[in-house]
J.: 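Handing you a structure now.
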Amino acid sequence: MPRARRQYWLMKSEPSVFGIDDLRKKKTAHWDGVRNYMARNYMMQMKRGDRVFFYHSSEEPVGIAGTAVVAREAYPDHTSWDRKSKYFDRRSTRERPLWFMVDVSFESKFDDVVPLEALRRQRALKKMITLRQGNRLSVTPVTEAEWKAILAMAKR
DNA sequence: GCCAACGTTGGC
DNA sequence: GCCAACGTTGGC
């Protein structure tokens, strides 16, 4: 079956917890701890080979730090049934998992983080989901046009 | 550290 | 099924 058209995404993480440098070191990592239904549903749409912007939240400089590639499509997030994990959720079981994660592989780190404020100034990104007021979703789709516009802003 | 904006929970 | 209260996210 022919591959669906490539999709693009943005995933947020606090760099002090897990940042682009951590991903570069590990090469591939599972993206655990997503506990929001909309974000989960987006992850479940991800296909191997989809491209991902790695966004650093909460700490300066806030913005897009690099890119990653989806390496493994959605599978159960085991932290949801680990009682010791802060992501434990007793509604999720091995038989009926509630939460899912994907694996992503490091692709690139930008020379400088493309800052949020620069993203906001870009006309081409006016409609970008993650820039909408009050948006807190940690996983959002990105259009091809947005993907290209941001890559053009990044020094690599 | 503050707080606006949001998603979720739970009482009714 | 409504909606107030609560907890969390994340920019500042």
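Every chain is numbered from 1 and lettered A, B, ... according to where its sequence line falls, protein lines coming before strand lines.
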J.: When you measure from the side chain of R91(A), which nucleotide among dT9(B), dT8(C), dC12(C) comes out closest?
T.: dT9(B)
J.: Going by an N to O cut-off under 4.0 Å, is there a salt bridge joining R35(A) and D77(A)?
T.: yes
J.: Between L131(A) (CG) and dA5(B) (P), how many Å, whole number?
T.: 17 Å
J.: To the side chain of S138(A), which of dC12(C), dG10(C), dT8(C) is closest?
T.: dG10(C)
J.: Examine dT9(C): is either OP1 or OP2 under 4.0 Å from a nitrogen or oxygen in the side chain of K12(A)? Give yes or no.
T.: no
J.: Provide, to the nearest angstrom, the distance between the CG atom belonging to D89(A) and the P atom belonging to dT9(B).
T.: 8 Å
J.: Would W99(A) and Y87(A) count as a close aromatic pair, with their ring centres under 6.0 Å?
T.: no
J.: What integer distance in Å separates M38(A):CE from dT8(C):P?
T.: 19 Å
J.: Please report, rounded to the nearest Å, how far the C1' atom of dA5(B) is from the CZ atom of R136(A).
T.: 6 Å
J.: May I have the distance from K86(A) (atom NZ) to dT8(C) (atom C1'), rounded to whole angstrom?
T.: 11 Å
J.: Check this for me, if you would: do R24(A) and D21(A) make a salt bridge, where the nitrogen-to-carboxylate-oxygen distance has to be below 4.0 angstrom?
T.: yes
J.: Starting at atom CD of E60(A), determine the distance to atom C1' of dC12(C), rounded to an integer number of angstrom.
T.: 8 Å
J.: Are the charged groups of R91(A) and D89(A) less than 4.0 angstrom apart, N to O?
T.: yes
J.: Toward the 5' end of DNA chain B, which comes first, R132(A) or S58(A), by nearest nucleotide?
T.: S58(A)
J.: Distance check needed: dG7(B) C1' versus R35(A) CZ, whole Å only.
T.: 15 Å
J.: For the side chain of Q133(A), counting heavy atoms from C-beta on, which of dA5(B), dG11(C), dG7(B) is nearest?
T.: dA5(B)
J.: Any heavy-atom pair between the side chains of M128(A) and L10(A) that's under 4.5 Å?
T.: yes
J.: L116(A) CG to dC12(C) C1': how many Å, rounded?
T.: 10 Å
J.: Examine dC6(B): is either OP1 or OP2 under 4.0 Å from a nitrogen or oxygen in the side chain of Y37(A)? Give yes or no.
T.: no
